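What you see is a predicted model; the values in this text were computed from it and never measured. A, B, ... follow the sequence lines: proteins, then strands. Residue 1 opens every chain.
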Amino acid sequence: MEKTYQPQSIEAPIYQRWEENNYFAPSGNGAPFSIMIPPPNVTGSLHMGHAFQHSIMDAMIRRARMQGKQTLWQPGSDHAGIATQMVVERQLAAQNTTRKELGREKFLEKVWEWKGQSGGTISDQMRVLGDSVDWSKERFTMDPGMSEAVQEVFVRLYDEGIIYRGQRLVNWDPKLHTAISDLEVISEEENGFLWHFRYPLADGAKTADGKDYIVVATTRPETMLGDSAVAVAPDDERYQDLVGKEIELPLVGRKVPIIADDYVDKEFGTGCVKITPAHDFNDYEMGKRHDLPMINILTDDASINDNSPEKYQGMDRFEARKVIVADFEALGLLDKIDDHKLKVPRSERGNTVVEPYLTNQWYVAVETLAKPAIEAVENGDIQFVPKQWENTYFSWMRDLQDWCISRQLWWGHQIPAWYDAQGKFYVGKDEATVREKYSLGDDVELTQDEDVLDTWFSSALWTFATQGWPEETEEFKLFSESDVLVTGFDIIFFWVARMIMMTLKFTDKVPFKTVYITGLIRDERGDKMSKSKGNVIDPLDLINGIDIESLVQKRTYGMMQPRLAEKVEKNTRSAYPEGIQAYGTDALRFTLCSLASGGRDIKFDLNRLEGYRNFCNKIWNATRYVLMNTEEKDCGQSGSDVELSLADRWIISRLQQAESAVNKAYDTHRYDLAAQALYEFMWHEYCDWYLELSKPVLWDENATEAQLTGTRRTLVRVLEAFLRLAHPMMPFLTEEIWHRVAPLAGVEGETIMLASYPEADDSKLDHDAENDVEWLKGVIEGIRNIRGEMDIAPSKPLNILFRNGSEQDKARMLANTAFLQKLAKLETLTWLEKGDEAPMSATALVGDMEVLVPMAGLIDKDAELARLQKEIDKATKDLQRIEGKLSNESFVAKAPEAVVAKERAKSDDLKQAVAKLEEQKVSIESL
RNA sequence: GGGUGUGUAGCUCAGUUGGGAGAGCGUCGCCCUUACAAGGCGAAUGUCGGGAGUUCGAACCUCUCCACACCCA
């Protein structure tokens, strides 16, 4: 074996072997266990969040597989309508053409081409990450099977009246020319203005204070072209007399009524609100209540259309805004302009300001779907982890708007609806079916709806459509009700909720029993990783390493603004002056698992990764030690006699506890605790203590063959079990090592992937051994503490005396002399009987027993006094606190007996300790 | 404005039904001891955001205030 752990050389060949041997496919006939991957955007690449989720999913899947379940981890990708179409359109723009120029068919060919080109990136990344997905089952949301399921669902929902077509106000992206759902709109506060316009009252009407106009305030002046009312609060005295009268709309010349509506806030602005039903969601509602005309003043590009005075027609909305404000001013009707912070709705894709726009779209009426979806979570059929997220889910589900599912795009599932020449539409799987279903003769010309469905409409069917639905296939029965969904909280609404609704509706099953919500990975400063900030880390760069120049280039590539690129470069160079080292997949995966504590935000810290890379190296080197001492020697595989040492019995007992801690952590989805338990056991018990304790046995010339075999057997068996225990989180390293270790432990198998997952065996717990080793560690640590504090070189052998010990102490000393000599580097150990003289010594306490390190020639008097004082202070402080408790009558009377007894015992121990330390201090002082 | 979450060692975070404040990284000291310097041994470090309450006892439960983050309107 190499002297240090070199991940690069072991990982790729191992994955290839796993894949070639088809270990990832479901096998056996255990209970089914499945996870459906949240399908990533097919033309994208995996980021840290994916790496995080995949690490957890793979850990779950690998453990389940090792537990003998029939496991399926279903891979696949999503066609990501808008995102993908935008990428390809950008490519076309670079070639000076557009999708319209190409035409729909040619354009789609281009998209498929691009998909073929970039689609492999993600699967390559997944292989590097070690994902044990069943590649033979890989699906794409535009696969024929998926498309069929999408059509089926659409038609059935339409036939049931759940899908309908209607004219509604939608969020319109004027650049992409498509409707988008509420969820795709990001509203953030921006600096803007509140313009106050004077609207002259018609027919000589006057306000209460004698003015011939009223003032309305608006953040979007251009919409005034479509005003169809002015509203005031019904109980607003200022305007009560004006309700029912009219104003004359400036620039337009239309007379519009003044109406009263509860929606109006008297306190905001002037208390008068202009109402533009066709261009504002609130106004739209009010328009419906008051039966106001809906005057659309925009085109698809958000320019002013023909419904407006000629002067403004064809102007862009923002240009029109300027002109209209200027015109108001010229008319003396601009009352004032205030600075104003407002939420500006922007499209998630492309950042364009979104317009509420009146169009015909397809909708899903979600009410009937939502009810069972809420119940499934209420009654526990589906559980969120952490549970907190159920509230988020409920609050959204209980206030659900109908879902606009049509998109004016070309890339996606084209809507299975056909129009005749009169614009009447018919819904069915394909044209022939439609003709038959609606008895339409060949003379009726039909054209299919141009629009496509929202991407989330198809991904909502993911768990069952990937398993062959609507056919009742074997896979469908086994796996479509998956065990866990692992995803981020940002798509609870987009995806999780919609999957639950659709799956319940069409299969009567839940899509998953548990939703495990991960935190969001942020950079080391806590900022969200984003391309524009240039703080994105590619998980592959952590695995393979990257030099600083390549990293800078990668982060600044394709940035629109040179100024940003400069900043990104500067930050990158200061954060990673030397680039990033290659840490390997296992270290990354283990790190990510160790961060999965259920928190919302996770700051990713390279130091943490380095620490776990070192852990991998520790395992590697511990293995080297074990192999050196066991290979080609009898390790008890064939049943020869063995005698177990105290250390052997102890580490076996500790292993059981580690196994139960890890299993419990998995069962409660606490991957951080599982990682911690593995780390703690391997490093601080197996390496720090057990390996050291094995040396005195293995190096003892007088050891019997049974003793040697016993220790060798324990060395390999415990290591082998640990490898299986750790495998789901660090698959490559454990596989690599396991092939050398397993035969020595008498375990056979082609791969650790299919070996059994360790379960604790309580019969192997050994409390006596644990107590004995605790004692042993106490003595060794006491001596080491004196060495450390007194600057006695570790190489200097010591002569130790034990005083005031019990019979049990004496027995333990005699039984463990070899261990003590080796681990504390001792020359002699002397047991003092009562009355025996002891030289002046530094003292460590182990229970009542004193461990004495003679000072002569080694220890300075003052130094020992200082050390003693420190110990005394510490013990005294503890003692005071406990005495305080015990002297409190209520505590003694009301606290449980066991608690009181425990405190009493502690108090006694501390009193004794302080007394002994004081005694020791006095005798040293008297020197 | 409504809601959710977070605040524990210099940093990143654990803390399981309320009962002795922990880990990793970093820091300091000593050591290349035949697995490992990506290491070993030892040490230091906390008003558990502030305040109040419940309780014999609060990092943990209740209230309140402060700071930060996110979601919704």
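Sorted by first then second residue, the salt bridge (Lys or Arg N to Asp or Glu O under 4.0 Å) pairs that include residues 672-685 of chain A, not counting sequence neighbours, are A/Arg654-A/Glu685, A/Arg670-A/Asp672. Counting only residues at least two apart or on different chains, the salt bridge (Lys or Arg N to Asp or Glu O under 4.0 Å) pairs with a member in residues 592-615 of chain A are A/Arg522-A/Asp601.
B/rU6 atom P lies 16 Å from atom CG of A/Leu520, rounded to whole Å. Taking atom OH on A/Tyr679 and atom C1' on B/rC13, their separation rounds to 14 Å, with Å as the unit.
We find the CG-CG distance between A/Leu823 and A/Leu776 to be 7.0 Å, quoted to the nearest 0.5 Å.
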key: Letter per nucleotide, 5' to 3', of nucleotides 54-62 of chain B [B base touched, S only sugar-phosphate touched, - untouched; heavy atoms, 4.0 Å]   = --B------
query = What does nucleotides 66-73 of chain B look like as a protein-contact string, B for base, S for sugar-phosphate only, - for none, at under 4.0 angstrom between heavy atoms?
reply = ----B--B
If you look only at distance, which donor and acceptor atoms sit under 3.5 Å apart when one is on a side chain in residues 893-913 of chain A and the other is two or more places apart or in another chain?
residue  : atom : partner  : partner atom : Å
A/Glu903 : OE2  : A/Lys906 : NZ           : 3.1
A/Ser907 : OG   : A/Glu883 : OE2          : 2.6

With a cut-off of 3.5 Å and sequence neighbours excluded, list every side-chain donor-acceptor pair involving residues 871-880 of chain A.
residue  : atom : partner  : partner atom : Å
A/Asp873 : OD1  : A/Gln869 : NE2          : 2.9
A/Thr876 : OG1  : A/Ile872 : O            : 2.5

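Neither OP1 nor OP2 of B/rC41 sits under 4.0 Å from any side-chain N or O of A/Trp689. Look at A/Arg787 and you won't find any side-chain N or O under 4.0 angstrom from OP1 or OP2 of B/rG29.
Take A/Gln401 and apply the side chain to side chain contact (heavy atoms under 4.5 Å, CB included) test, not counting sequence neighbours, and it matches A/Asp182, A/Asp399. Shown here are the side chain to side chain donor-acceptor pair (under 3.5 Å) partners of A/Ser645, two or more places apart in sequence or in another chain: A/Asp648. Partners of A/Arg220 under the side chain to side chain donor-acceptor pair (under 3.5 Å) rule, at least two apart in sequence or in another chain, are A/Glu355.
Residue A/Arg784 is in sugar-phosphate contact alone, with no base atom involved, counting any heavy-atom pair closer than 4.0 Å across all strands shown. A/Gln388 comes within 4.0 angstrom of sugar-phosphate atoms only, judged by non-hydrogen atoms across all strands, and of no base. A/Lys603 comes within 4.0 angstrom of the backbone, heavy atoms only, and of no base. Across all strands shown, A/Ser597 has heavy atoms under 4.0 Å from sugar-phosphate atoms exclusively, and none from any base. Residue A/Lys3 is classed as a sugar-phosphate contact, given heavy-atom separations below 4.0 Å to backbone atoms only.
Between the side chain of A/Glu692 and the base of B/rA35 there is at least one donor-acceptor pair of N/O atoms closer than 3.5 Å.
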Polar atom pairs between nucleotides 43-47 of chain B and protein, under 3.5 Å, N or O only, would you list them?
residue : atom : partner  : partner atom : Å
B/rA43  : OP1  : A/Asn785 : ND2          : 2.9

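Base pairing in RNA chain B yields stems of at least 3 consecutive Watson-Crick or G-U pairs, both distances under 3.5 Å, namely B:1-7 with B:66-72, B:10-13 with B:22-25, B:27-31 with B:39-43, B:49-53 with B:61-65.
In this structure, A/Trp683 and A/Phe615 have parallel ring planes: the angle between them is below the 30° cut-off, well short of the 60° mark.
Comment: A/Glu781 does not engage A/Arg784 in a salt bridge, judged by the lack of any side-chain N to carboxylate O separation of less than 4.0 angstrom.
Contacts of residues 614-625 of chain A with RNA chain B (heavy atom under 4.0 Å): A/Asn614, A/Asn617, A/Lys618, A/Asn621, A/Ala622, A/Arg624, A/Tyr625.
Exactly one residue among A/Leu606, A/Ile546, A/Leu542 makes a side chain to side chain contact (heavy atoms under 4.5 Å, CB included) with A/Ile537. That residue is A/Leu542.
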